[in-house]
Each structure stands twice: as structure tokens, then as C-alpha cells.
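We name chains A, B, ... by the order of the sequence lines, and we start the count at 1 in each one.
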2 protein chains.
Amino acid sequence: MGRKRFDQMSCSVAQALEVLGDWWTLLIVREAFFGTRRFSDFSRHLGLAKNTLSDRLSHLVENGILERVDSGKTGTRYEYRLTAKGHDLLPVLTALRQWSDEWVYGEGAEPTIVRDRATGRRLPKMVPRDVEGRELSSRDLFAEPGPGADDELRQRFEVAWRRRIERRAQAG
Amino acid sequence: MGRKRFDQMSCSVAQALEVLGDWWTLLIVREAFFGTRRFSDFSRHLGLAKNTLSDRLSHLVENGILERVDSGKTGTRYEYRLTAKGHDLLPVLTALRQWSDEWVYGEGAEPTIVRDRATGRRLPKMVPRDVEGRELSSRDLFAEPGPGADDELRQRFEVAWRRRIERRAQAG
DNA sequence: TAATCTGGTTGCTTTAAAAAACCAAACTCA
DNA sequence: TGAGTTTGGTTTTTTAAAGCAACCAGATTA
């Protein structure tokens with residue numbers, strides 16, 4: 001029956017993955033942040049099949065993450081450039097990179113190091129913080145249904161809320 | 001020839017995707033953050049095929065993101081719980097969710113809203129910041145080869161560096 | 001004791017991604 | 001000006017991954 005889509009899920013993470021979750025897609029975006037703009041450069045640097053690259057680029061353009069602009073005088077050379085929506089994926093890529101640096105490669109084995117251009121210091125770890133800048137863990141956060149929540153999601157929040165109380169009672 | 005792997009790439013993002021990039025995987029992790037622990041609950045809530053769920057859970061356990069613990073007295077009921085490595089994916093999921101809330105759903109249409117438990121205020125947007133807490137854009141950052149970089153990556157940095165200078169010259 | 005729940009596995013089918021070949025327009029350079 | 005190369009793809013064929021359905025054994029519930 002092939003692959004299921006996440007379209008119908010009322011969940012921001014699911015919708016993000018519907019756009020970014022295909023194999024290769026996020027690496028293409030990373031490559032774009034690195035400064036790559038041309039079809040042939042993406043192809044060479046990533047080593048993916050050209051039809052797949054073509055699909056992914058089209059998909060990213062359709063979803064407003066890249067824009068395809070004519071770069072030759074004649075209209076047969078193109079560049080794929082990050083849009084504002086695309087540039088705003090920096091926090092996602094940064095969080096992924098930092099997680100991997102810490103947990104997959106480990107400190108002292110990072111393939112690339114990111115620094116603040118102004119000071120030369122390493123980019124601090126991105127974590128959720130409150131308005132005063134204090135770090136927040138998942139235990140400091142709670143979620144509630146938003147304006148776009150459907151009935152199923154509202155119900156799930158209720159279940160999760162009840163379960164949380166039970167667990168707290170059990171744990172003493 | 002089936003799907004290519006990212007194993008050989010010297011890149012943290014690629015390695016992160018090697019662990020997290022399969023279809024469904026990140027939704028399973030999101031579900032775990034929501035409090036889901038049981039096979040049957042993952043299956044019901046996500047609606048994915050059970051063999052795929054089984055594969056993904058095993059993969060997440062192998063990679064130290066979930067741990068499988070006996071929950072019954074007899075050893076036939078299990079729970080899948082986030083490890084420290086798993087919990088540390090919170091920044092990744094949060095960044096993804098916030099991007100999608102902003103760019104896919106748009107303000108006022110978010111399916112779920114995340115708040116600071118202590119104050120009840122909405123979680124501010126996660127962005128890269130310097131040590132003083134100032135926001136940094138991609139233009140404020142630069143990357144350099146780290147201790148784990150291979151020759152290919154070092155060369156790519158040199159090319160990117162040259163290209164950057166050229167572009168700056170062109171732009172005036 | 002029968003039925004149901006749990007946490008899967010097995011077998012088969014469909015879809016998606018890979019490689020390789022191909023292509024037309026444009027540019028390069030001799 | 002003409003041969004060869006670059007660019008940005010598309011087409012065709014293979015293979016891997018994801019889906020459904022059926023099945024299963026041990027534990028729990030009625």
C-alpha cells in the first residue's frame with residue numbers, strides 16, 4: 001500500500017515532516033545553508049541520484065523553502081536559493097547538529113564547529129528558555145490544545161492529562 | 001538499488017538523520033515525549049503498520065534513544081521510555097514544531113500550544129544566541145572544520161570560503 | 001474455560017528511491 | 001564554425017522500504 005502520508009494529522013511536527021521528512025531533503029537544505037545553489041553542485045556534493053534531487057528541489061520550491069531563479073542570461077541556468085521560510089530552518093538544523101555533535105560524535109570529534117563571527121566563540125547549545133532566558137526542560141513545559149486542534153487531539157490531551165496524574169500518584 | 005545511507009558522510013546532520021531520518025521515527029519520539037510508552041499505544045495513536053513500528057522501536061533502542069523496560073511482573077509487558085539521549089531531542093522537536101507553527105499553520109492556527117509551567121506564558125521561539133543571549137542569524141555564524149573533519153570536508157570549507165569572498169566582491 | 005489483550009513475526013503487495021542511460025539547449029575554445 | 005562539454009533535467013529499470021493482513025504464543029480478564 002506504499003507509504004502513508006501525515007497530511008491528516010493535526011500536529012505541527014507531522015506537518016513539518018510532511019515537508020522536510022523525505023530522505024535527502026534536510027541534507028539538501030543543509031547544503032543550501034552551506035552556500036550551494038546550483039543543481040550540479042547539489043548533485044556532486046551530496047551524491048544522490050539526479051531524479052531524486054530533481055524531485056526534492058521541486059518539492060522544496062513548491063513548499064516555499066527554496067526559490068528557483070534564473071541566473072544565466074538565457075534562462076537555462078538556475079539557482080536554488082533559500083527563502084525567508086528556508087532561512088528560518090536554521091534553528092532546526094542547528095538543534096539537530098548540536099544533538100548529533102554531543103550524542104553521536106561526542107565532544108572532541110565534531111566534523112564541523114560553528115562560531116559566532118563577532119566574537120569567535122563557539123555557538124552555545126540551543127535549548128528551550130523562558131522569556132527571562134532560563135533553561136527549561138520538558139518537565140517545565142506543558143502543552144494544551146491550540147486554536148487549530150481537532151476533536152481527536154483535544155481528547156488525547158485529556159487522556160494524557162489523566163495519565164499524568166495517575167503516574168504522579170503512583171510515584172508518590 | 002534501494003536507498004543510500006549517510007554513514008560515510010562526515011557531517012553531524014547526516015549522522016543525525018541516519019538515526020532519526022526514517023519515515024515515522026521522529027513522530028514516534030514526539031509520541032514518547034507526549035507520554036506514550038506502550039507498543040499498543042504507539043500503534044493506536046500513530047496508525048502505522050505494526051512491523052514498521054517494531055522496526056523503528058528496535059532501531060531507537062539500538063541507538064540509545066529509547067530503552068525497553070519490563071513493566072509487568074512476568075516479563076511480557078514492556079515500556080519504551082526516553083533515555084537522556086532521547087530527552088535531549090527536545091530542542092530538535094521544539095524547533096521543528098515552532099517552524100511549522102509559524103510557516104505551515106500560521107499564527108492563530110497552531111494545533112498545540114506549549115507553555116512554561118511556572119508562569120503559564122507561551123514558550124518563546126528558540127533561536128541560536130550568543131553567550132550574552134543575543135539572537136544570531138546565519139550571517140552572524142561561520143563554520144570551520146572540527147577535529148572530526150576528513151580531508152574532503154576540509155577541502156569543501158576552503159571552496160566555500162573562496163566562493164564567499166567572490167560573492168562579496170560581486171555584491172559590491 | 002473461553003475470549004481478549006499484548007507485543008510482536010511472517011508473507012505478500014505497493015510505492016519510492018537508486019542507477020544508468022538519455023536528451024536538448026547553451027556555452028567554451030580552438 | 002564545429003566538436004566537445006556543461007547544465008538541468010527526464011525516462012527506464014531495479015531494489016529497498018513501508019503498507020496490510022494474517023498469524024502466533026503467553027498473560028490476563030470474564
Side-chain angles (χ1 to χ4, degrees), chain A residues 1-9 14 17-29 31-32 36-63 66-81 163, chain B residues 1-9 14 17-28 31-32 36-63 66-81 159 163:
Chain A
M1 216 209 122
R3 188 163 78 178
K4 207 178 266 187
R5 294 264 130 208
F6 304 149
D7 306 63
Q8 298 313 314
M9 288 188 196
L17 292 174
E18 192 63 35
V19 178
L20 302 169
D22 281 325
W23 205 239
W24 287 112
T25 300
L26 224 39
L27 284 184
I28 291 171
V29 174
E31 199 58 33
T36 300
R37 294 175 177 178
R38 305 278 290 270
F39 186 95
S40 52
D41 290 332
F42 284 109
S43 177
R44 182 171 36 256
H45 294 318
L46 292 172
L48 81 172
K50 291 205 288 174
N51 50 358
T52 308
L53 176 58
S54 187
D55 285 353
R56 294 297 175 275
L57 288 173
S58 307
H59 190 240
L60 285 168
V61 170
E62 274 170 35
N63 284 281
L66 297 177
E67 56 179 349
R68 187 193 202 234
V69 297
D70 288 10
S71 82
K73 308 93 204 161
T74 46
T76 54
R77 304 275 147 121
Y78 306 103
E79 293 193 343
Y80 293 88
R81 299 203 192 192
R163 184 173 50 195
Chain B
M1 216 213 124
R3 189 162 78 177
K4 205 179 264 187
R5 295 264 130 209
F6 304 149
D7 307 62
Q8 298 313 314
M9 288 188 196
L17 291 174
E18 192 63 36
V19 178
L20 302 169
D22 281 324
W23 205 240
W24 288 111
T25 300
L26 223 41
L27 285 185
I28 291 171
E31 200 58 34
T36 300
R37 295 176 177 176
R38 305 277 291 269
F39 186 95
S40 52
D41 291 331
F42 283 109
S43 178
R44 183 171 34 255
H45 294 317
L46 292 172
L48 81 171
K50 291 204 290 175
N51 51 356
T52 308
L53 176 58
S54 186
D55 284 354
R56 294 297 175 275
L57 288 173
S58 307
H59 189 240
L60 286 168
V61 169
E62 275 169 33
N63 284 281
L66 298 177
E67 56 180 349
R68 188 194 200 235
V69 297
D70 288 10
S71 80
K73 307 94 204 161
T74 46
T76 54
R77 305 272 147 122
Y78 307 103
E79 294 194 342
Y80 293 88
R81 300 204 192 192
V159 173
R163 185 174 49 195

Within the 4.0 Å heavy-atom criterion, would you say B:F42 contacts the bases, only the backbone, or no part of the nucleic acid? nothing

Between C:dG7 and B:R44, is there an OP1 or OP2 to side-chain N/O distance shorter than 4.0 Å? no

Minimum-distance nucleotide to A:F39 side chain [options: C:dG8, C:dA18, D:dG9]: D:dG9

Measure from NZ on B:K4 to P on D:dA16 and round the result to the nearest Å. 14 Å

Closest to the A:N51 side chain, choosing from C:dT6, C:dA20, C:dC27: C:dA20

So, the side chain of A:E18 versus the backbone of A:F6: is there a donor-acceptor pair under 3.5 Å, distance only? yes

In whole angstroms, the gap separating P of C:dG7 from CG of B:L46 amounts to 15 Å

Exam field: side chain B:S58 to backbone B:S54, donor-acceptor pair closer than 3.5 Å: yes

Could I get a table of every N or O pair under 3.5 Å where one atom is in the protein and the other is in nucleotides 13-16 of chain C?
| unit_1 | atom_1 | unit_2 | atom_2 | d |
| --- | --- | --- | --- | --- |
| C:dT14 | O4' | A:M1 | N | 3.2 |

Nucleotide of D:dT28, D:dG9, D:dA18 approaching B:W23 most closely (side-chain heavy atoms): D:dA18

Does a side-chain N or O from B:S54 land closer than 4.0 Å to OP1 or OP2 of C:dT9, or not? yes

When you measure from the side-chain N and O atoms of A:S40 to the phosphate of D:dT6, is any distance below 4.0 Å, counting only OP1 and OP2? no

Would you please confirm or rule out a distance under 4.0 Å between OP1 or OP2 of C:dA26 and any side-chain N or O of A:Y78? no

Between CG of B:L53 and P of C:dT9 the distance, given in whole Å, is 10 Å

Nearest whole Å is fine: how far is D:dT7 C1' from A:R37 CZ? 17 Å

Given A:L46, which partner from the list A:T36, A:L27, A:D41, A:T52 fulfils the side chain to side chain contact (heavy atoms under 4.5 Å, CB included) test? A:L27

Under 3.5 Å donor-acceptor pair, A:K50 side-chain atoms to D:dG9 base atoms: yes

Closest nucleotide of DNA chain C for B:E79 versus for A:A49: which of these residues is on the 5' side? B:E79

Separation of B:Y80 atom OH from C:dT6 atom C1', in whole Å? 11 Å

Are the side chain of A:W23 and the backbone of B:W23 linked by a donor-acceptor contact shorter than 3.5 Å? no

Round to the nearest Å and state the distance from B:D70 atom CG to D:dA27 atom P. 12 Å

Examine D:dA17: is either OP1 or OP2 under 4.0 Å from a nitrogen or oxygen in the side chain of B:W24? Give yes or no. no

Do B:D55 and B:H59 have a side chain donor and acceptor closer than 3.5 Å? no

Rounding to a whole Å, what distance do you find between A:L48:CG and D:dG9:C1'? 13 Å

Is there a side chain to side chain contact (heavy atoms under 4.5 Å, CB included) between B:R68 and B:Y80? Walk through the geometry before answering. CA-CA 5 Å; B:R68 188 194 200 235; B:Y80 293 88; 3.3 Å; yes

Assuming nearest nucleotide by heavy-atom distance, tell me which of B:G47 and A:D55 is located more 5' along DNA chain D. A:D55

Exam field: side chain A:R77 to backbone A:R38, donor-acceptor pair closer than 3.5 Å: no

Test item: B:Y78 and B:V69 side chains (from C-beta on) under 4.5 Å apart, heavy atoms: no

Nearest whole Å is fine: how far is D:dT7 C1' from A:L57 CG? 13 Å

Counting only side-chain N and O atoms of A:R77, is one of them less than 4.0 Å from OP1 or OP2 of D:dT6? no

